[in-house]
Amino acid sequence: MSAMREAMFHSSSFLRQSIPADEASSYAIVVLNQKLPRFTPLLWEHAKLRLCADGGANRIYDELPLFFPHDDALLVRNRYKPDVIKGDMDSIRPDVLHFYLSLGTKVIDESHDQDTTDLDKCILYIRDSTLNQESCRLQILATGALGGRFDHEAGNLNVLYRYPDTRIVLLSDDCLIQLLPKTHRHEIQIQPSLQGPHCGLIPIGAPSSKTTTTGLQWDLNDTEMRFGGLISTSNKVKGEKITVESDSDLLWTISIKKQEDSTTP
């Protein structure tokens, strides 16, 4: 593998209570129709653009007030208002739709498009947003992207491959997943108090004939990976930096620690 590839740097600093100034408001959040991760309020507070994918609006309406049991639910719902609700609109409840319309949320009904997922539709909105252009390409955090029906999960994983030039992170309460494009070598900054140790590198879509890593308990050295053979699951991070270089696009996944003091802003 060529040592001349440009490095791509990855950080999950969005999970921290205090985000470095140069990384603040550098991402958009998309809420999907699965249980909200416990750190959703934190991500929401720091996002530059906030979207709900169809039934994700039900989750914001129903579940966000539960993070603030001592606050009035209506005040919480007013405080956490999505900028946009977009999708084929077959899951959002009428009462939730009317509530957010009354608050001025932009609603985009794309029920005519049954060939793309609701996450696809939201990704395209963010990519075309003037905020994205001003911010030199926002990272996109998708909560509720994992769990529930496997075909939905597979559709969300496919979105990573459809937009390899957009930094998209799929999040659940337990882990995150992102694409490491083969066009770059990758340096991944680990937040040890928030992430790990369990991690994996998975070659979905095409086998990898050569993958090399540093910083893992079981590093790869020009290792072949493919389904039906070896894939790097249940690996562990050893330090605060991981490097990955491969001749194939890989999915990187790492566990997220259940730390109570990082659940709310």
Side-chain angles (χ1 to χ4, degrees), residues 14 25-37 40 43-44 46-64 77-172 176-179 181 204-205 251:
F14 50 78
S25 297
S26 62
Y27 65 82
I29 184 173
V30 179
V31 176
L32 303 179
N33 193 13
Q34 285 293 331
K35 180 182 176 182
L36 298 182
T40 302
L43 301 183
W44 191 279
H46 292 135
K48 189 157 191 177
L49 189 59
R50 304 168 182 92
L51 285 81
C52 290
D54 193 3
N58 299 339
R59 299 287 177 168
I60 292 294
Y61 185 91
D62 292 338
E63 297 178 22
L64 256 179
R77 289 174 181 137
N78 277 273
R79 191 162 76 237
Y80 291 90
K81 176 187 77 70
D83 300 308
V84 178
I85 300 171
K86 187 177 183 184
D88 59 12
M89 313 308 283
D90 63 348
S91 299
I92 188 171
R93 299 196 310 267
D95 62 310
V96 174
L97 176 61
H98 294 150
F99 177 81
Y100 288 122
L101 279 171
S102 72
L103 293 182
T105 294
K106 183 176 184 178
V107 175
I108 304 172
D109 183 341
E110 293 205 343
S111 53
H112 62 279
D113 177 9
Q114 293 298 313
D115 293 329
T116 61
T117 68
D118 287 335
L119 178 56
D120 267 293
K121 295 174 174 66
C122 290
I123 298 295
L124 290 173
Y125 181 90
I126 295 167
R127 281 165 58 102
D128 293 339
S129 166
T130 55
L131 289 175
N132 188 43
Q133 295 162 13
E134 291 167 3
S135 302
C136 299
R137 305 173 76 175
L138 294 170
Q139 184 178 33
I140 299 172
L141 310 180
T143 71
L146 307 168
R149 282 171 42 190
F150 178 69
D151 60 327
H152 283 168
E153 287 185 306
N156 293 334
L157 293 174
N158 187 54
V159 166
L160 300 181
Y161 286 83
R162 283 171 60 86
Y163 309 104
D165 59 338
T166 299
R167 291 174 180 259
I168 304 170
V169 182
L170 307 182
L171 290 153
S172 74
L176 65 79
I177 299 177
Q178 63 191 110
L179 184 72
I204 290 182
L251 292 181

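Worth knowing before you read on, the calculation uses all heavy atoms, side chains too, and leaves out hydrogens, waters and symmetry mates. Owing to the predicted nature of the structure, the values given are computational and were not obtained by experimental measurement. Counting begins at 1 with the first residue of the sequence.
Checked by atom type and distance alone, the side chain of K86 pairs as donor or acceptor with a backbone atom of K121 at under 3.5 Å. Using modelled atom types, no side-chain atom of Q34 and backbone atom of A145 make a donor-acceptor pair closer than 3.5 Å. No donor-acceptor pair closer than 3.5 Å links the side chain of S111 to the backbone N or O of M89. At least one donor-acceptor pair under 3.5 Å links the side chain of D118 to the backbone N or O of D88. At distances below 3.5 Å, not a single donor-acceptor pair connects side-chain atoms of Y61 with backbone N or O atoms of Y100. Of the possible donor and acceptor atoms, none in the side chain of R93 sits under 3.5 Å from a partner among the backbone N and O of N58. Formation of a donor-acceptor pair under 3.5 Å by the D54 side chain with backbone atoms of S91 is found in this model.
Contact annotation: the side chain of Y125 approaches that of L49 to within less than 4.5 Å [non-hydrogen atoms, C-beta and beyond]. N33 has its side chain within reach of R59: a pair of non-hydrogen atoms, C-beta onward, lies under 4.5 Å apart. Counting only heavy atoms from C-beta outward, the side chains of L36 and I60 approach each other to under 4.5 Å. Looking only at side-chain heavy atoms (C-beta outward), D83 and L51 stay at 4.5 Å or farther from each other. At a threshold of 4.5 Å between non-hydrogen side-chain atoms, the residues T116 and R162 count as touching. Using a 4.5 Å heavy-atom threshold, the side chains of L64 and R77 count as separate. Between Q139 and L141 there is a side-chain heavy-atom pair separated by less than 4.5 Å. The closest side-chain heavy-atom distance from I108 to I85 is not below 4.5 Å.
Rounded to the nearest 0.5 angstrom, L97 CG and D109 CG are separated by 9.0 Å. Between Y27 atom OH and L43 atom CG the span is 5.0 Å, to the nearest 0.5 Å. Taken to the nearest 0.5 Å, the CG atom of N158 stands 7.5 Å off from the CG atom of D120. The OG1 atom of T117 lies 11.0 Å from the CG atom of D151; values are rounded to the nearest 0.5 Å. Annotation: the span from K48 atom NZ to L138 atom CG amounts to 6.5 Å, rounded to 0.5 Å.
A53 and L32 make their closest contact through CB-CD2, 3.3 Å (heavy atoms, listed as atom of the first residue, atom of the second, distance). Nearest heavy atoms, S172 versus L146: CB-CB, 3.9 Å. Nearest approach of V96 to A57, heavy atoms of both residues: CG1-O, 3.7 Å. When all heavy atoms are compared, the tightest approach of I168 to Y163 is CD1-CB, 4.1 Å. Considering all non-hydrogen atoms of both residues, C122 and C52 come closest at SG-O, 4.2 Å. Annotation for L176 and F14: closest pair CD2-CZ, 4.4 Å, computed over non-hydrogen atoms.
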- List the steps and the verdict of side-chain contact (heavy atoms from CB on, under 4.5 Å) for L119 and L170. CA-CA 11 Å; L119 178 56; L170 307 182; 4.2 Å; yes
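Residue I126 is tested with V84, I29, I140 for a side-chain contact (heavy atoms from CB on, under 4.5 Å); the sole match is I140.
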